[in-house]
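Here is the structure we will look at, set down as structure tokens.
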Amino acid sequence: MDHTATLALFDRQMRCEARSDGPGSRVEHTGPVVRLTGPAHAWNGILWSGLDEAGADAVIAEQIRHFTAHGRAFEWKVYGHDRPADLPQRLLAAGFAAEAQETLMVADAAALPTAVELPDGVELVPVTDAAGVRLVTEVHDRAFGGDSSHIGRQLLDRLANTPDTVAAVLAMAGDEPVSAARLELYPGTDFAGLWGGGTVEPWRGKGLYRALVAFRTRIAVERGHRFVQVDAADTSRPILARLGFAALTTTTPYVYAPEGL
């Protein structure tokens, strides 16, 4: 895989040419920015920006005005190669808060293992309805902490309106959900995204994360996607590297929450 060419393709297809990801959401190309605006439970934010030093602060201020007028907190997703180089510092100065840095990792889907190996007593169950979505949310709450209800609402939206763009799966140990993940499919692009991948504490280290990657990769290949992509936390990066994923750049969310939200 040519890392430079793959990153350029990712920037073009997944950022510059991004499409709406759910009902009530819209992608707007406004000057040097591509942004997604949607319902409060949806992801709102900046997908791509091509700023220069002279105009960066004015563009940042305009995005704050836009999302604040809609009563939305929003995320500016900054990649390590975005410009200007001091964009993170400018966002912090404008009132954004930085969240944990992750690594954009990409692999050739056809080269990844797709055999699903599970611990004894565990089976994978596709998520197709509200009951399954509730279990996904439960797993994420237990695995990552916090409130994952917004993820559940986004997943329900997609299953109801664009089921061909998402696949979610649960790992069940009997009646207990112990791991969950979802695959986001982007028709017309070379990429499919692996998201979630959370496992509850007692079941970590048993191969469930690898099994969920293999399960979702197989779907991505069947749907004709060339690459699978992950925004990898430090905990999952070594596993993904061993599977054949390459680190292309970093990605850091900068979040702006209007007062009162």
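Heavy-atom basis, side chains included; hydrogens, waters and symmetry copies ignored.
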Trace of the side-chain contact (heavy atoms from CB on, under 4.5 Å) decision for E176 with W203: CA-CA 11 Å; E176 180 189 6; W203 286 88; 4.1 Å; yes
Under 3.5 Å donor-acceptor, [X] side chain and [Y] backbone:
| X | Y | answer |
| --- | --- | --- |
| R19 | V27 | no |
| T162 | D164 | no |
| R216 | R182 | yes |
| T103 | M105 | no |
| S179 | G198 | yes |
| E184 | T165 | no |
| H225 | F191 | yes |
| R204 | T199 | yes |
| E53 | P84 | no |
| R210 | E117 | no |

In one Ile/Leu/Val/Met/Phe/Trp/Tyr side-chain cluster, 4.5 Å: [X], [Y]:
| X | Y | value |
| --- | --- | --- |
| W195 | V133 | no |
| L185 | V169 | yes |
| V116 | V122 | yes |
| F10 | L194 | no |
| L9 | L7 | yes |

What distance separates [X] [atom1] from [Y] [atom2], expressed to the nearest 0.5 Å?
| X | Y | atom1 | atom2 | result |
| --- | --- | --- | --- | --- |
| R223 | L183 | CZ | CG | 7.5 Å |
| H3 | T249 | NE2 | OG1 | 12.5 Å |
| D231 | T251 | CG | OG1 | 5.0 Å |
| D234 | R237 | CG | CZ | 7.5 Å |
| H81 | T4 | NE2 | OG1 | 10.5 Å |
| F67 | E62 | CZ | CD | 10.5 Å |

Audit row: M1, F227, side-chain contact (heavy atoms from CB on, under 4.5 Å) steps and yes/no: CA-CA 10 Å; M1 180 174 64; F227 298 111; 3.7 Å; yes
Plane angle bin for F96 and W76 - parallel if under 30°, tilted between 30 and 60°, otherwise perpendicular: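 Taking F96 first and then W76, their aromatic rings stand perpendicular (interplane angle over 60°).
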So, do [X] and [Y] sit near enough that their side-chain heavy atoms are less than 4.5 Å apart?
| X | Y | answer |
| --- | --- | --- |
| V228 | F245 | yes |
| Y79 | L248 | no |
| P32 | V59 | yes |
| D129 | L159 | no |
| V178 | V139 | no |
| D82 | R15 | yes |
| L124 | L212 | yes |

Of the non-hydrogen atoms in [X] and [Y], which two are nearest, and what is the gap between them?
| X | Y | answer |
| --- | --- | --- |
| R142 | P177 | NH1-O, 3.6 Å |
| E99 | V255 | OE2-CG2, 3.5 Å |
| A100 | P253 | O-CD, 3.4 Å |
| A94 | I64 | O-CD1, 3.8 Å |
| L243 | L112 | O-CD2, 3.2 Å |
| A214 | A115 | CB-O, 3.7 Å |

R153 atom CZ, over 12 foreign heavy atoms within 6.0 Å: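 Count not over threshold, so no.
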Other residues, nucleotides, ligands: >12 heavy atoms within 6.0 Å of R35 CZ: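 Atom CZ in R35 is packed in, count exceeds 12.
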From CA spacing to verdict: side-chain contact (heavy atoms from CB on, under 4.5 Å), D157, S25: CA-CA 11 Å; D157 280 349; S25 294; over 6 Å; no
Distance-only donor-acceptor check, side chains N44 and H70, under 3.5 Å: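 No donor-acceptor contact under 3.5 Å links the two side chains.
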Polar contact flag, side-chain donor to acceptor under 3.5 angstrom, Q154-W43: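 Result is no, nothing qualifies.
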